[in-house]
2 protein chains.
Amino acid sequence: MPRSSDTDALPDAVGCLCSDPRGRRDEDLPCDLRDEEETQRFLLRQAGRRVVAADAVISKGGVSERRCFRVMEGVARLVLIDVDGRRQVTRFAFPGDYFGLSRSERELVAEAASHAVLLEFDAGRLQRLSDCNPHLARQLATAMRSNLGQAMEHVVLLGRKTPRQRLAGFLRMLHRQLGLGDVVPVPMPRTDIADYVGLTPETVSRAFADLRQRKVVDHIDRHLLRVDLPALVMIADGGA
Amino acid sequence: MPRSSDTDALPDAVGCLCSDPRGRRDEDLPCDLRDEEETQRFLLRQAGRRVVAADAVISKGGVSERRCFRVMEGVARLVLIDVDGRRQVTRFAFPGDYFGLSRSERELVAEAASHAVLLEFDAGRLQRLSDCNPHLARQLATAMRSNLGQAMEHVVLLGRKTPRQRLAGFLRMLHRQLGLGDVVPVPMPRTDIADYVGLTPETVSRAFADLRQRKVVDHIDRHLLRVDLPALVMIADGGA
DNA sequence: CGGAAATTTGAATATTGTCAATTATTGTGG
DNA sequence: CCACAATAATTGACAATATTCAAATTTCCG
């Protein structure tokens, strides 16, 4: 279920993928689906369902990759690995999120950060579907805008923040995406967090210790926290 | 500067196929512009033209900001300033680029990184225009996708790179956007570069010295370089 | 030409990364 | 169900790297 309350007033068209310049269309693409409900059901029929274990490779990425996905359960990670072996997690995709909608994202390696259930689509086909289906187009556009907002937030997190601030920012995101009251699941391993926030696992661990000492987080167990959200937000945004 | 719309030159709205989801529509939105050419001319008439000096504030940003812009000449920067005073340049917008298309971007402060010429639009209006104008819609969609790709690249640059790699990655971007052969203009001050790549100006300066010593860049003057592009790309991607 | 601002350079400091060792956690087979 | 092995996470000591602060230089404009 998409949770973003993106009230952005921009057009659906902004989020359109590549519309087909040659005006091609599939015979069996319905252009008259009446509502979100119906669109969802149709997509379910179109998509391949995949269940993957933690750390399984979902897509190897690269220029020839044509599939995109939607997370139904669990968390997926999009990873880029340098020639010198450094790893960067560019994004975590949570339930409801699409990934691989843009070509640049399809070039990344996609893996399961935890046990996950996915829908798999052909990107071109999904795009053509959205060309003649306003409901889907709107959904994808929203996804795209949300991606952009998240990427900006990620940039800010990586740019000029201390380890404590980075971890706080990351946990705030987890809270938004997966939080239940003040309880926050942390489904991914520490190395994934480290490669997302641009630190070593050791530094992430120390940042956790720091936040715990300040009573901003409380470890129920390694993958489940209780957080003081106001304090977390304060720290993430730069206040002490 | 003239922001007038020569009303007599406006095509009428007959032929608008796609209506606004909320049923709203402007009388004077032309929905039958035949090609990019004509769309461009129409946009020029719609937009307010602004000429700004280096460091001038283009938009203060915030939730109430409703304008978006297109850079015609020069470079604009989008800036976020923390409560603790740290500055992050999230994006540079070059000639041809739009900025402020998404709500998250409209919240940022926009400034001129150098002397610049801009077109100014009402975001909502531009959106409605694109709703019934496929050419514009396509153009904005492309802009949006390009933004996302750039943001991803920015994330990678900030994540796990040395100062030398960051600067090389930044200069590669400048080359793509402004390069003429192996000559690359560097219109913005060092502090802007520093706040984009997440380093201090001093470290940026040292990284410049490093690249110069390796003969990867040659300072024609402070704002004009000659670069060895293959070497630059090699370094930016993590090699040596 | 002169003064202000931007940039570069230098030395000391602080922070994070690295490497090694220890402690938890998880999953498996008995 | 428990013990144990394998993996993941934490902690500590040290080294490497970027920041900070200060000073010198260059560039930009009037």
Side-chain angles (χ1 to χ4, degrees), chain A residues 53-56 77 82 84-89 111-115 157-168 170-171 185-213 217-225 240, chain B residues 53-55 77 82 84-89 111-115 157-168 170-171 185-213 217-225 238 240:
Chain A
D55 290 327
R77 60 174 178 244
D82 275 11
D84 57 344
R86 294 186 188 282
R87 206 177 81 126
Q88 178 69 46
V89 174
E111 298 165 327
S114 68
H115 179 276
L157 185 148
L158 290 171
R160 297 190 150 290
K161 301 277 191 189
T162 64
R164 181 199 307 138
Q165 292 174 320
R166 294 186 196 208
L167 183 58
F170 174 77
L171 294 178
V186 185
M188 67 287 293
R190 296 292 189 258
T191 51
D192 280 0
I193 300 177
D195 289 336
Y196 183 87
V197 302
L199 298 169
T200 59
E202 290 92 336
T203 304
V204 169
S205 182
R206 290 184 238 272
F208 261 120
D210 183 352
L211 291 181
R212 198 180 332 148
Q213 195 176 0
V217 309
D218 181 25
H219 275 92
I220 297 171
D221 79 52
R222 191 176 279 179
H223 292 288
L224 200 60
L225 304 178
Chain B
D55 289 327
R77 60 174 179 246
D82 274 11
D84 57 345
R86 294 187 187 283
R87 205 176 84 125
Q88 177 69 44
V89 174
E111 298 164 328
S114 67
H115 179 274
L157 185 148
L158 291 171
R160 298 189 150 290
K161 302 275 193 191
T162 64
R164 173 172 57 261
Q165 292 174 321
R166 293 185 196 208
L167 183 58
F170 174 76
L171 294 177
V186 185
M188 67 286 293
R190 296 291 189 259
T191 52
D192 279 1
I193 301 177
D195 288 336
Y196 182 86
V197 303
L199 298 169
T200 59
E202 291 93 333
T203 303
V204 169
S205 180
R206 291 183 237 273
F208 261 120
D210 183 352
L211 290 180
R212 197 179 333 146
Q213 195 177 359
V217 309
D218 181 24
H219 275 93
I220 297 171
D221 79 52
R222 193 176 276 179
H223 292 288
L224 200 61
L225 305 178

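Hydrogens, waters and symmetry mates play no part in the numbers below; they use all other heavy atoms, side chains included. Letters A, B, ... mirror the listed sequences (proteins, then strands); counts begin at 1.
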Footprint string (nucleotides 4-9 of chain C, 5' to 3'): B base within contact, S backbone only, - free, heavy atoms under 4.0 Å: ---SBB

Side chain to side chain, B:Val89 and B:Arg87, heavy atoms closer than 4.5 Å: yes

Ionic contact status for B:Arg77 with B:Asp55, cut-off 4.0 Å: yes

A:Lys161/B:Asp82 ion pair, N-O < 4.0 Å: yes

Verify, without hydrogens or angle tests, whether [X] (side chain) and [Y] (backbone) share a donor-acceptor contact under 3.5 angstrom.
| X | Y | value |
| --- | --- | --- |
| B:Arg160 | A:Leu199 | yes |
| B:Asp221 | B:His223 | yes |
| A:Arg166 | A:Val197 | yes |
| A:Gln165 | A:Thr162 | yes |
| A:Gln88 | A:Asp195 | yes |

Considering all heavy atoms, the nearest A:Thr191-A:Pro201 contact: CG2-CG, 4.0 Å

d(CG, A:Leu167; P, C:dT16) in whole Å: 13 Å

Chain A contact limits on DNA chain D, taken 5' to 3' with a cut-off of 4.0 angstrom to heavy atoms: D:dA9 to D:dA13

Inter-end axis angle, the helix from C:dC1-D:dG30 to C:dG30-D:dC1, with every axis fitted to five base pairs (rounded, 10 degrees): 50°

Residue among B:Arg190, B:Arg222, B:Gln213 satisfying side-chain contact (heavy atoms from CB on, under 4.5 Å) with B:Phe208: B:Arg190

